[in-house]
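Here's the structure we're looking at; comments come further down.
Naming: A, B, ... by sequence-line order, numbering from 1 per chain.
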2 protein chains.
Amino acid sequence: MNDHRRYARAIELLRAAKLRPTRQRMALARLLFATGHRHVTAETLHDEALAAHVRVSLATVYNALHRFTAAGLLREVVVDGQRSCFDTNTTDHQHFFIEEEGQLQDIPAASVQITGLPAPPPGTSIRRVDVIVRVAKVSG
Amino acid sequence: MNDHRRYARAIELLRAAKLRPTRQRMALARLLFATGHRHVTAETLHDEALAAHVRVSLATVYNALHRFTAAGLLREVVVDGQRSCFDTNTTDHQHFFIEEEGQLQDIPAASVQITGLPAPPPGTSIRRVDVIVRVAKVSG
DNA sequence: CCAGTAAATTAGAATCGTTCTAAAATATTG
DNA sequence: CAATATTTTAGAACGATTCTAATTTACTGG
């Protein structure tokens with residue numbers, strides 16, 4: 001994808017999400033959506049932006065991540081109590097979590113089957129089923 | 001269960017976990033393990049202790065929760081990025097998470113079947129599969 | 001039972017990710 | 001272009017958690 005296409009794509013994403021295409025959002029959208037699916041935290045994305053010479057504050061990165069998530073462009077993945085992780089893959093899928101590295105890896109939804117879930121508590125309905133497969137490195 | 005039995009049980013748990021049975025740990029163990037399974041945060045447990053006139057600092061509650069978890073008496077459940085939740089049910093099971101209330105509810109492991117998990121990433125092995133069924137209240 | 005020691009508790013400070021605030025900058029609309 | 005609404009920002013504030021260093025408590029061997 002060339003620069004022009006990337007630019008057009010970012011504009012389009014933001015417009016569709018009813019978000020003003022500001023310089024900062026454009027740059028973040030391009031970092032997030034230019035290549036294949038990604039997992040980022042506010043801090044990794046902020047660092048990336050700075051490395052790419054995009055002047056943007058951490059507060060704006062948080063802002064953008066939340067707006068993008070609300071607009072359905074991102075999905076938040078909860079893996080540990082410390083930092084929030086955002087996934088550009090918003091389709092139904094699950095995750096491996098490599099504990100030592102704090103790294104996420106997608107598991108296609110197609111492969112995993114969850115059966116036998118009991119009915120949700122009275123007065124509630126299921127919004128999402130999150131599966132985190134926690135893995136640890138083995139020696140050898 | 002009467003007081004004496006509870007006391008004996010708490011001592012036993014702590015001894016088995018190679019933790020000195022201090023006044024604070026005894027009190028916390030009794031709060032945690034006296035009745036059926038529970039979900040607590042450091043703060044809810046601290047509040048409970050104070051309400052029961054147990055003088056214990058928040059730092060000690062954090063300490064105890066982590067020691068108990070390391071000893072296998074508790075299991076940590078990650079549901080949101082904000083607070084850590086600890087579950088006295090350490091057997092294989094899953095959770096409903098009621099978003100509005102931040103409340104957890106156990107799902108017996110027996111009912112849920114997860115099939116079709118791909119092999120873990122090279123060099124890793126599966127430590128645990130966490131399933132969080134996120135539910136939201138419905139009107140009516 | 002006591003002295004010596006190792007471990008645990010504590011208040012308060014420090015830390016870390018995240019959110020808030022209020023002012024300045026930018027985008028949109030007419 | 002002016003008027004308005006939205007966004008960005010630095011820095012302060014926040015809340016959960018961890019750390020620090022001093023005090024207290026539990027254990028061990030005599």
Side-chain angles (χ1 to χ4, degrees), chain A residues 7 10-31 39-50 52-71 73-74 76-86 102 104, chain B residues 7 10-31 39-50 52-71 73-74 76-86 102 104:
Chain A
Y7 179 87
I11 281 257
E12 201 179 315
L13 280 175
L14 293 174
R15 282 264 153 74
K18 296 200 166 61
L19 297 171
R20 289 192 177 175
T22 63
R23 175 175 62 74
Q24 292 86 341
R25 284 177 183 160
M26 291 290 289
L28 295 175
R30 274 185 274 178
L31 287 171
H39 301 110
V40 301
T41 65
E43 200 156 11
T44 63
L45 184 58
H46 185 231
D47 289 350
E48 242 181 76
L50 297 187
H53 303 98
V54 175
R55 280 180 22 263
V56 60
S57 72
L58 188 54
T60 297
V61 173
Y62 274 105
N63 243 312
L65 287 172
H66 288 139
R67 299 307 205 83
F68 289 3
T69 301
L73 299 176
L74 292 176
E76 195 167 353
V77 185
V78 177
V79 276
D80 67 26
Q82 302 319 297
R83 37 185 78 244
S84 296
C85 214
F86 296 85
L104 282 170
Chain B
Y7 179 86
I11 281 259
E12 201 179 315
L13 279 175
L14 292 175
R15 283 263 153 75
K18 298 199 165 62
L19 296 172
R20 289 191 177 173
T22 63
R23 176 177 61 74
Q24 292 86 340
R25 283 177 183 162
M26 290 291 288
L28 294 175
R30 272 185 276 179
L31 287 171
H39 301 111
V40 301
T41 67
E43 199 155 12
T44 62
L45 184 58
H46 186 231
D47 288 351
E48 242 181 77
L50 297 188
H53 302 100
V54 176
R55 280 182 20 266
V56 59
S57 72
L58 189 54
T60 297
V61 173
Y62 274 104
N63 244 313
L65 287 173
H66 287 141
R67 297 313 204 84
F68 289 4
T69 302
L73 300 175
L74 292 176
E76 195 167 353
V77 185
V78 177
V79 276
D80 67 26
Q82 302 318 297
R83 36 184 79 244
S84 296
C85 213
F86 296 84
L104 282 171

> Would one find more than 12 heavy atoms of other residues, nucleotides or ligands at under 6.0 Å from atom CD of B:Glu76?
Replying inline: yes

Say whether, by atom type as modelled, one donor and one acceptor occur between the side chain of A:Asp80 and the main chain of A:Arg83 under 3.5 angstrom.
-> yes

Heavy-atom closest pair (A:Pro21 atom, A:Ile11 atom, distance to 0.1 Å) is CB-CD1, 4.1 Å

Please state whether the phosphate of D:dT9, meaning OP1 or OP2, lies under 4.0 angstrom from any side-chain nitrogen or oxygen of A:Thr60. yes

Mind running side chain to side chain contact (heavy atoms under 4.5 Å, CB included) on A:Leu65 and A:Val40 for me, showing each step along the way?
CA-CA 10 Å; A:Leu65 287 172; A:Val40 301; 4.3 Å; yes

Counting primed atoms, P, OP1 and OP2 as sugar-phosphate and everything else as base, the B/S/- map of nucleotides 13-30 of chain D against protein heavy atoms under 4.0 Å is ---SBBB------BS---

* **Distance below 4.0 Å between A:Arg25 side-chain N/O and D:dT6 OP1 or OP2** => no

Note to self: Determine whether a donor-acceptor pair (N or O, by modelled atom type, separation under 3.5 Å) exists between the side chain of A:Arg23 and the backbone of A:Arg55.
What the structure shows: yes

Checklist entry - Counting N and O atoms only, with roles assigned by atom type, does the side chain of B:His46 sit under 3.5 Å from a partner on the main chain of B:Val56, one being a donor and the other an acceptor? => result yes

- Looking only at atom types and distance, does a side-chain atom of A:Arg30 sit under 3.5 Å from a main-chain N or O of A:Tyr7, one as donor and one as acceptor? no

Nt span of DNA chain C in reach of chain B heavy atoms at under 4.0 Å, 5' end first, is C:dA6 to C:dA11

Quiz item: Is there a donor-acceptor contact under 3.5 Å from the side chain of B:Arg25 to the main chain of B:Arg20?
Solution: yes

